[in-house]
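Here is the naming used below: chain letters follow the sequence lines, and residue numbers restart at 1 for every chain. Everything numeric here is computed off the predicted structure, so don't read it as measured data.
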Number of protein chains: 2
Amino acid sequence: MPVPLQIRLMTASDFDAVWPILRGVVQARETYAWDPEMDRAEGWRLWAALPRATYVAERDGVILGSYYIKLNAGGPGDHVCNAGYIVAPEARGQGVAGALCAHSLAAARRMGFAAMQFNAVVASNHVAVRLWRKHGFIIVGTVPGAYRHATLGRVDCHIMYRPLDDLPEQTGK
Amino acid sequence: MPVPLQIRLMTASDFDAVWPILRGVVQARETYAWDPEMDRAEGWRLWAALPRATYVAERDGVILGSYYIKLNAGGPGDHVCNAGYIVAPEARGQGVAGALCAHSLAAARRMGFAAMQFNAVVASNHVAVRLWRKHGFIIVGTVPGAYRHATLGRVDCHIMYRPLDDLPEQTGK
């Protein structure tokens, strides 16, 4: 029987497993608009300290992916959250990202957010664009050439958006 | 003869004049998605510490407005900058914002940026939308209801974008 994927809050010691995944993703320069040379401290700041919450997905005690939820803007924009997802190379194509996305939508709604927004989905990342669409996101805009892809050069970035009002809200904001 | 507007880099002591303008703008909850209750230290962080450069516009020794330029994203997105502008209430309608915008475009290009992006232009701020269009920005996307306006409730936010390649680049990036 396959061992199920478990998604739970990240602990500080989990970051030992998350950081190599995150470092690999930013160094690839295919999906994240973050400094590919960033060190572990900056990774911790972006992935754990700034966000409202960070989760990991593990199977059989092995961390396969992670996501964070944070405010997308402040003050009069703080009803909209942002999230980011990473999956370990050896775990891709197994539905981990989709499971993380579904979990994040429910978690964001429980936190009281009204919508989730992605600010820079690299347009050449067709797998991600398709997956976010499947999870209810729509492309609300496209910024021309906003990402310098490692192998493709300048590619567009999509802004993607999903209202959360179809999901159960358990706590007020 | 009218005294010309001078635009120059902000000094630390200039922030004594900039902060009340900034505080008034965020407290109005009509244009910025920043915490309206933020204190001066947070204002300094957002307006002076994080940005690449911050300028003030003054006339006859009185500071009438200010703008910052910062990275809009990191790593593979760091060829795109972001800017924010504020004008003192008593100086509105005098072309200060337009002068700041024109100055910022030239400054951003000199810094080597390829484009400027605004992430959340509140759609009800018709004066700003019209002004940015006049300065070459186009709306590349609109996020539904992303801003809780003080009097209008939920209003849309535009993402606006302008390539800078029509302007002289004086330094490489």
Side-chain angles (χ1 to χ4, degrees), chain A residues 25-38 42 45-46 71-82 113-122 124 137-165 173, chain B residues 25-38 42 45-46 71-82 113-122 124 137-165 173:
Chain A
V25 164
V26 298
Q27 286 182 346
R29 291 180 292 125
E30 294 174 349
T31 56
Y32 274 75
W34 287 353
D35 180 2
E37 304 301 323
M38 71 179 184
E42 176 68 358
R45 191 181 73 84
L46 291 168
L71 290 179
N72 194 56
D78 70 2
H79 57 294
V80 182
C81 69
N82 170 251
F113 287 109
M116 187 179 285
Q117 180 176 334
F118 301 149
N119 300 298
V121 180
V122 178
S124 56
F137 286 82
I138 57 165
I139 294 174
V140 294
T142 300
V143 186
Y147 193 85
R148 302 193 309 279
H149 188 283
T151 56
L152 303 172
R154 291 270 187 96
V155 292
D156 297 348
C157 286
H158 298 309
I159 296 105
M160 300 189 74
Y161 167 86
R162 188 201 194 283
L164 300 173
D165 49 7
K173 186 178 173 62
Chain B
V25 164
V26 297
Q27 286 181 348
R29 291 179 293 124
E30 294 175 347
T31 56
Y32 273 76
W34 288 353
D35 181 2
E37 304 301 324
M38 73 180 184
E42 176 68 358
R45 191 181 72 84
L46 291 168
L71 289 181
N72 194 57
D78 71 0
H79 55 293
V80 182
C81 68
N82 170 252
F113 288 109
M116 186 178 285
Q117 180 176 335
F118 301 150
N119 300 298
V121 180
V122 179
S124 55
F137 286 82
I138 57 165
I139 293 174
V140 294
T142 300
V143 186
Y147 194 85
R148 303 192 309 281
H149 189 282
T151 55
L152 303 172
R154 290 270 187 96
V155 292
D156 298 346
C157 287
H158 298 308
I159 297 105
M160 300 187 75
Y161 167 86
R162 188 201 195 283
L164 301 173
D165 48 7
K173 188 181 174 55

Should A/L152 and A/E30 count as side-chain neighbours, where that means a heavy-atom distance under 4.5 Å?
no
Under 3.5 Å donor-acceptor, A/Y147 side chain and A/V121 backbone
no
I need the residue from B/Q117, B/R154, B/E37 with the largest number of non-hydrogen atom pairs under 4.5 Å to chain A.
B/R154
At a heavy-atom separation under 4.5 Å, does A/P144 approach chain B through its side chain, its backbone, both, or neither?
both
Given B/A33, B/G77, B/G141, the one with more heavy-atom pairs under 4.5 angstrom with chain A than any other is B/A33
Portion of A/Y161 that has a non-hydrogen atom of chain B nearer than 4.5 angstrom:
side chain
Heavy-atom pairs under 4.5 Å with chain A are the metric here; pick the option from B/G145, B/P76, B/G75, B/A73 that has the most.
B/P76
Among A/I159, A/V80, A/V26, A/I139, which residue has the highest count of heavy-atom pairs closer than 4.5 Å to chain B?
A/I159
What are the two closest non-hydrogen atoms of A/H79 and B/A146, and how far apart are they?
CE1-O, 3.2 Å
For the NE2 atom of B/H158 and the CD1 atom of B/I138, what is their distance to the nearest 0.5 Å?
12.5 Å
Nearest heavy atoms of B/D156 and B/T142, plus distance in Å:
CB-CG2, 3.6 Å
